[in-house]
Amino acid sequence: MAHVPDIAAPALDIDKIRKDFPLLQEKVYGKPLVYLDNSATTQKPQVVLDTLERYYKQYNSNVHRGVHHLSQVASEEYEAARHIIAAFINAREHEEVIFTKGTTDSINLIANVFGRGVIKAGDEVIVSAMEHHSNIVPWQIMCEDRGAVLKVIPMDENGELIMSEYAALLSDKTKIVSVAYVSNSLGTVNPVREIIALAHARNIPVMLDAAQAIQHMPLDVQELDVDFVAFSGHKIYGPTGIGILYGKREWLDKLPPYQGGGDMIKTVTFAKTTYNVLPFKYEAGTPDISGAIALGAAVKYVQEIGLENIHAYEEQLVNYAVAQLSKVEGLRFIGNPKHRSGAVSFLVDTIHPYDLGELLDKQGVAIRTGHHCAEPVMDFFCIPGTVRASFAMYTNKEDIDRLVVAINKAAAMLR
Amino acid sequence: MAHVPDIAAPALDIDKIRKDFPLLQEKVYGKPLVYLDNSATTQKPQVVLDTLERYYKQYNSNVHRGVHHLSQVASEEYEAARHIIAAFINAREHEEVIFTKGTTDSINLIANVFGRGVIKAGDEVIVSAMEHHSNIVPWQIMCEDRGAVLKVIPMDENGELIMSEYAALLSDKTKIVSVAYVSNSLGTVNPVREIIALAHARNIPVMLDAAQAIQHMPLDVQELDVDFVAFSGHKIYGPTGIGILYGKREWLDKLPPYQGGGDMIKTVTFAKTTYNVLPFKYEAGTPDISGAIALGAAVKYVQEIGLENIHAYEEQLVNYAVAQLSKVEGLRFIGNPKHRSGAVSFLVDTIHPYDLGELLDKQGVAIRTGHHCAEPVMDFFCIPGTVRASFAMYTNKEDIDRLVVAINKAAAMLR
Amino acid sequence: MTINEKQDELISDFSFMDEWMDKYEYIIQLGKDLPLIDPKYKTDDNLIKGCQSQVWLHTDLVDGKLIFTADSDAVITKGLVSLLVSVLSGHTPKEIAESEIYFIDEIGLRSHLSPTRSNGLLSMLKQMKIYGIAYQVKSQQ
Amino acid sequence: MTINEKQDELISDFSFMDEWMDKYEYIIQLGKDLPLIDPKYKTDDNLIKGCQSQVWLHTDLVDGKLIFTADSDAVITKGLVSLLVSVLSGHTPKEIAESEIYFIDEIGLRSHLSPTRSNGLLSMLKQMKIYGIAYQVKSQQ
Ligand SMILES: Cc1ncc(COP(=O)(O)O)c(C=O)c1O
Ligand SMILES: Cc1ncc(COP(=O)(O)O)c(C=O)c1O
């Protein structure tokens, strides 16, 4: 039986943090909610809800082109949110931060504009074996359209990328590498510095799917020297419907536009349309103004608590979860990465994850079961799916303890 | 001087409606706000804000694949919103209703999938001379990519489409027609039944940009027999960041997918990915769950008041506005369509619209100035832009009266 | 027992259990009693593919009555199939085709199960009734 | 008057007006007094394109002092240009290059104007200072 580490006095006051999140106070089937589906989406602190409300009650208005007061306030707040996020990821310029609908939208954007602006028939794109569907299918669609080829970095039994194979895949045909920073199905933290360095040695740009990284660890785009980063607001305590694409100016300036519409143009005639400068070039149409501003509020909330602190705390928490879960009879982890963040996937005996999930739910414990939009990972391990518990800064020891009790109870019923 | 029609006893209680909209109670520069920028975005009723709050406080969760309680509630509410909207536009099946980011996103979706699935080099797409940039640029981008040609239905001095020219443009090369139901810059209501009939006679599908129609008049997709409809939630009293694409199943089933990602697939392997059924095929990634549900609430609010009632009231209001504005010395309308809805565009003498807009703003009157994302329309009339006052169901006679007073005061200063 | 008598018995059995965990306990137990499908019938034709678990369903006509056998990779799903099988198996095609199944709602399964499960339950029921109709038509020919 | 004396005078003029409509009245009036650019200088080179209105700006060196002339298609914009011209015109390139312009903030223009206008104002100011620097360098050569 594994040694159970204590959670050292955390730099953050979890009880206080939990009070900031109204939904955590809810009950499910009369039992206090244990919310362990944070990789799917996180709950929102009150300050995010207040920001949404203030927006709609005090200055809701379309942005950018209005001379009137409300439009000016809305435009300022919208751009202020961009500045907050640019500072958060340490972008050199705030114009490198594009508001999108979410990670999926951001990746599709880059896949599409690479397809139209860079990729020729026979060119190659590299992803990894542990990607979320959102970092596979956009590339498949683009590759099919352009006659390009999708290459896959394989992984080992622990759920770690085989870096020598990656190095061997890189070639003059490779036009972009796009990998998850952290795997949503396994919790693996990938060696992104090495991935980027190897690609850059051949002048190949790298996109990071940071959907499962941005809320768990500090991410500095300049220090990483990464070319593109995608993440979703709703996974970092912000609202649904908003996300971020970071891109280096040198790339975004030269790539073609994605969607066409209002705001992304300089002048339009039927004969010739010229495109606007960054960031507007990639923000066609009325953006999700309230979503962007509320995401700014969420990021500010995270900054106030400090990602370093969150990271340190969550690391202890994940270790505690791994240790406690190890004690469950018949439980095996899917993925045993050296660096793990945010989530643990597992199965118990031959119990179907779906059965386990249902009985956990009825005990007030919300986890996710299934393929986690990463079917190739499930195929690799020859399993129909896993049970995944995933964490946030407000997750506490009691959540883990109640998870373990609930698993034991469910397993006893299901065996 | 024009005859000033009275506003007959309206079927709706405007005072009561106004109380539902918190932002209308605000003051700007110490003066009660006159909000006449509704074509850009509408204000939101309290019920929409309450829906957002309830979502985030009680059941925020990712949709579709979760076994746990919150995810089930969120999924049900999300799908319930789809049903509300399907019923609202009388879609034959709710699966024909796709949640997008907005009108611009919806049009880009169709332009892109037509480009990949239908259009060959030399094919033609028809739009009109009075389109918003969002219904021009996506087609330009696609046509350039595929070697297709964009054709434009011209308009006359009144701002009405020249239908004989439209008929002459239709040919075997035409693969799709995409026109605005209502022009955002001129207020023109286009003869969409005729436009659709002429196209259908040649088996050409028609897309309606209903961004400025959906909030002002009943729209029945089956009765119109229209193939695609795009509109934005934020223009029909819903939140920013959410919109709708309606498409006939026969089309959406056979067109290729747009974005790739979670939820839009049936199975994913690196060798072969099969796509999900409608509506999920076109909803890649985590959708704007709160936005969709809140849009459902907005549409329900509109339905309770009744679009027929709104339409009748707003018609009187627009007539009143036209009559009152006609009395302003030196004011000329840009666009004099027989059927007008929602907006009036005008200029006063040689006063720059920007100057007028600024002085109206300082008097608490929010209107929009500029090209309204319809530069070709401005080029047609050889003007730099217009001043546009646009209306919603909560606009009242006092708003129009204060607009007129403010214009007169500003014009006196600027002459 | 008639189909309705069986339904009423189930409703009464469930009514004694207050806690949903107890009801699940019972459903899982029923699953263990499910007459298992002969492996040779575990074909794709007999597969009802759900979102997260799979069900195989087979039927034989014995002495004018339909006998159902089934299996699932998930235990709770198996229990749910078992409920349907215990209610409908051993009845004539006509009885099955014309049956009105109300116990699912009465027990509260529809509102308590995850929508994918309760959808699965309904498509299983539909499949069983289709068998009823098909065999009825066959016997009339 | 020095540049700063002119700025202080403007600040004092504006301080007597409480209502923003009055300030606009004054700005518009100043616009009418703007020394207009010779039409032959209304070239694309001299154009400062804003989002919604356009400004043409020209300068001549007369007796070692820079004289600005300008025009705009919008009256309020013209008034704003006029403020800058009245403060900076008639000073040496060095004075202009080294000037610190504080009246815009003090009057509250930056916070009250629409951002496009105040950005326009700042780019105009920048252009005038660039002229100052350019002529300073020229005279040193
Ligand atoms: C006619 C028309 N089409 C398209 C749009 C674009 O809508 P959105 O910016 O919400 O995507 C607008 C909005 O201004 C419009 O008026
Ligand atoms: C690694 C990873 N990539 C991409 C996504 C897709 O994010 P979204 O659904 O917000 O677009 C997710 C979310 O589940 C994810 O975990």
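Below, read A as the first sequence line, B as the second, and so on, with proteins coming before strands; counting in each chain starts at 1. The basis for the numbers below is simple: all heavy atoms, side chains too, and nothing from hydrogens, waters or symmetry mates.
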Quick check on [X]: does its [atom1] atom have over 12 non-hydrogen neighbours (other residues, nucleotides or ligands) under 6.0 Å away?
X: A:Q58; atom1: CD; value: yes
X: A:K281; atom1: NZ; value: yes
X: B:Q46; atom1: CD; value: yes

Pick one of side chain, backbone, both or neither for [X], based on which atoms fall under 4.5 Å of a heavy atom in chain B.
X: A:I107; result: neither
X: A:I136; result: side chain
X: A:F21; result: neither
X: A:V127; result: side chain
X: A:S71; result: side chain
X: A:P376; result: both
X: A:H69; result: both
X: A:V152; result: side chain

Mark yes or no for whether B:T42, through its side chain, and B:H234, through its backbone, hold a donor-acceptor pair below 3.5 Å.
yes

Between A:Q259 (side chain) and A:A284 (backbone), is there a donor-acceptor pair under 3.5 Å?
no

Most heavy-atom pairs under 4.5 angstrom with chain B, which of [options]?
options: A:D145, A:T269, A:L150, A:T369; result: A:D145
options: A:T267, A:N60, A:L360; result: A:N60
options: A:Y275, A:Y55, A:Y258, A:F99; result: A:Y258

Distance-only donor-acceptor check, side chains B:T286 and B:N62, under 3.5 Å:
yes

Could you pull out the closest heavy-atom pair between A:P257 and A:R116, with the gap in Å?
O-NH2, 2.8 Å

